[in-house]
J.: 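Following this message is one structure expressed as structure tokens.
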Amino acid sequence: MLIRPSSVNESDTTLEVRGLPSHIGIIMDGNGRWAQLRGLDRSVGHREGSAAVRRIVRATRRLGIKALTVYAFSEQNWERPELEVSALMRLLEDYLLSEREELLDTGIRLQAIGNLGRLPRFVRAVLDPLRSDTARNDEMTLTLALSYGGREEIATAAQDLARDVLSGRIRADEITPDALRVRMPSLAVGDPDLVIRTGGEQRISNFLLYGLAYAELVFSDKLWPDFSAHDLYTAIAAYQRRERRYGKVGRTATFAPPPNDAPSS
Ligand code: FPP
């Protein structure tokens with residue numbers, strides 16, 4: 001059952017349900033360090049990271065937030081050692097198999113963005129049916145960014161536009177920011193309102209670059225496997241305290257009259 005009261009109280013965080021972000025993006029960083037701190041293999045950190053994904057998807061859904069995009073594997077992550085990459089791919093398969101029922105039961109639509117053609121066949125074999133079986137769900141959209149890169153997504157949208165110009169479907173001078181936006185799968189659920197990065201680093205690492213234009217950024221020192229529903233609420237509460245101005249002036253801006261001796265023009 002969805003909780004939609006005027007406020008949600010979980011441990012010591014009270015969250016106003018008014019003014020929630022519609023779309024949250026998460027850069028899930030810190031799995032490797034979490035494992036290394038315990039003398040464990042990095043793959044153990046990824047497995048704990050997978051449990052954190054489950055926890056945060058549930059918490060996001062409970063709040064009634066419509067879209068969550070998680071950075072599960074970047075286009076650049078293929079450069080990691082082969083053993084780590086294959087552990088991550090197996091974890092992804094396990095996650096998709098184990099979450100299938102819950103996604104279907106709770107009305108979550110599963111999407112994937114990125115260069116999906118690079119994923120191993122065994123991942124596609126569970127990912128593709130789950131995408132189509134959940135396609136009509138509308139409580140929340142969970143997007144997995146897989147083999148994803150923000151620059152690559154912009155380049156693909158630009159190629160698409162170039163083809164449309166060549167075929168005469170659109171004129172070059174009709175290319176607007178929106179013409180690019182509609183060609184970006186990551187923004188089909190709207191721009192991210194809030195992007196959270198865990199793991200203590202303060203950078204964007206090629207995530208949702210185009211959509212980030214006016215996103216609020218929250219950085220958490222927690223390593224991803226330790227990130228809890230409480231931490232999510234804390235990040236959302238920080239978002240709610242921000243004033244989003246989109247380049248305009250704020251609500252509290254004041255305008256002083258020009259001084260009397262200002263030269264008239
Ligand atoms: C970055 O941490 C994390 C990743 C590259 C993978 C994220 C994967 C998961 C959270 C689990 C699998 C995903 C799903 C959707 C089931 P890092 O390894 O770079 O950490 P470090 O900076 O501490 O080394």
Side-chain angles (χ1 to χ4, degrees), residues 24-61 67-103 106 108-116 118-120 122-128 130-131 134 140-150 152 186 189 195-208 219-229 231-232 235:
I24 298 180
I26 307 188
I27 303 173
M28 310 182 287
D29 194 18
N31 294 348
R33 274 167 288 159
W34 186 94
Q36 278 160 356
L37 280 169
R38 290 162 179 78
L40 301 167
D41 190 74
R42 291 174 60 83
S43 63
V44 182
H46 293 312
R47 196 168 65 224
E48 290 302 314
S50 179
V53 174
R54 185 171 302 122
R55 207 159 55 225
I56 297 306
V57 168
R58 284 183 184 156
T60 308
R61 161 78 171 73
L68 173 68
T69 301
V70 293
Y71 205 4
F73 195 84
S74 76
E75 186 75 332
Q76 290 67 34
N77 286 155
W78 292 112
E79 308 296 325
R80 291 192 176 202
E82 210 179 308
L83 272 178
E84 183 170 344
V85 170
S86 57
L88 273 166
M89 292 300 136
R90 285 294 169 192
L91 264 177
L92 189 57
E93 180 195 25
D94 289 350
Y95 175 83
L96 295 167
L97 287 169
S98 67
E99 298 314 286
R100 182 181 169 84
E101 212 137 290
E102 183 163 334
L103 296 179
T106 54
I108 299 179
R109 178 164 70 115
L110 183 92
Q111 279 200 145
I113 53 170
N115 188 357
L116 305 182
R118 284 189 84 177
L119 296 174
F122 65 85
V123 170
R124 294 299 296 267
V126 283
L127 176 65
D128 294 345
L130 197 49
R131 286 160 79 199
T134 60
M140 181 177 117
T141 301
L142 168 63
T143 303
L144 303 182
L146 297 170
S147 191
Y148 175 84
E152 288 79 354
S186 67
V189 290
V195 170
I196 301 167
R197 181 181 184 130
T198 63
E201 312 280 7
Q202 304 201 350
R203 53 176 172 261
I204 292 307
S205 302
N206 208 14
F207 186 51
L208 305 182
F219 297 99
S220 163
D221 286 333
K222 284 278 181 83
L223 302 175
W224 175 249
D226 291 329
F227 197 74
S228 63
D231 296 319
L232 174 73

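Just follow the structure's listing: the first ligand is 1, and inside any ligand the first atom is 1.
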J.: Atom 3 (C) of ligand 1: which protein heavy atom is closest, and how many Å away?
T.: Met28 O, 3.1 Å
J.: For the atom pair OH (Tyr95) and CG (Leu127), what is the distance rounded to the nearest 0.5 Å?
T.: 11.5 Å
J.: Classify the contact between Trp224 and ligand 1 as side chain, backbone, both or neither, using a heavy-atom distance cut-off of under 4.0 Å.
T.: side chain
J.: Looking only at distances, can you tell me whether any N or O atom of Gly32, backbone or side chain, sits closer than 3.5 Å to an N or O atom of ligand 1?
T.: yes
J.: For a side chain to side chain contact (heavy atoms under 4.5 Å, CB included) check, start with the C-alpha distance between Thr69 and Phe207, then their side-chain angles and the critical distance, and finish with the verdict.
T.: CA-CA 10 Å; Thr69 301; Phe207 186 51; 4.1 Å; yes
J.: Is it the side chain, the backbone, both or neither of Glu99 that has a heavy atom closer than 4.0 Å to ligand 1?
T.: neither
J.: List the steps and the verdict of side chain to side chain contact (heavy atoms under 4.5 Å, CB included) for Leu103 and Leu96.
T.: CA-CA 9 Å; Leu103 296 179; Leu96 295 167; 5.8 Å; no
J.: Among all protein heavy atoms, pick out the one at the shortest distance from atom 5 (C) of ligand 1; state its residue, atom name and that distance to 0.1 Å.
T.: Asn77 OD1, 3.5 Å
J.: Identify the protein heavy atom lying closest to atom 11 (C) of ligand 1, giving its residue, its atom name and the separation to 0.1 Å.
T.: His46 O, 3.5 Å
J.: Do Leu144 and Leu92 come close enough that some side-chain heavy atom pair is under 4.5 Å?
T.: yes
J.: Which residue owns the protein heavy atom closest to atom 22 (O) of ligand 1, what's the atom, and how far is it?
T.: Asp29 OD1, 2.9 Å
J.: So is Gly199 close enough to ligand 1, meaning a heavy atom under 4.0 angstrom away?
T.: no
J.: Pick one of side chain, backbone, both or neither for how Glu201 approaches ligand 1, counting any non-hydrogen atom pair under 4.0 Å.
T.: neither
J.: Can you tell me if Arg42 has a non-hydrogen atom under 4.0 Å from ligand 1?
T.: yes
J.: I'd like to check whether Leu144 has a polar contact with ligand 1, where a contact means an N/O of the residue lying under 3.5 Å from an N/O of the ligand.
T.: no
J.: Please determine whether the number of non-hydrogen atoms from other residues, nucleotides or ligands lying under 6.0 Å from atom CG of Leu83 exceeds 12.
T.: no
J.: Compare Ala87, Gly45, Ala72 and give the one whose heavy atom is closest to atom 13 (C) of ligand 1.
T.: Ala72
J.: Would you kindly specify which portion of Val70 sits under 4.0 Å from ligand 1, judged on non-hydrogen atoms: side chain, backbone, both or neither?
T.: neither
J.: Indicate whether the side chain of Asn206 and that of Glu152 have a donor and an acceptor atom separated by less than 3.5 Å.
T.: yes
J.: From the options Arg54, Arg33, Arg80, select the one whose nearest heavy atom is closest to atom 19 (O) of ligand 1.
T.: Arg80
J.: With a 4.5 Å cut-off on side-chain heavy atoms, are Trp224 and Ile26 touching?
T.: yes
J.: Only heavy atoms of Tyr95, strictly under 4.0 Å: list the atoms of ligand 1 that pass.
T.: 16 (C)
J.: Can a donor-acceptor pair be found between the side chains of Arg197 and Ser205 at a distance below 3.5 Å?
T.: yes
J.: Evaluate Asn31 for polar contact with ligand 1, using N/O atom pairs at a separation under 3.5 Å.
T.: yes
J.: Report the C-alpha separation of Met89 and Leu119 in whole Å, then their side-chain angles, then the decisive distance to 0.1 Å, and conclude whether the side chain to side chain contact (heavy atoms under 4.5 Å, CB included) test is met.
T.: CA-CA 8 Å; Met89 292 300 136; Leu119 296 174; 4.1 Å; yes
J.: With a 4.5 Å limit on heavy-atom distance, are the side chains of Pro225 and Asn31 in contact?
T.: yes
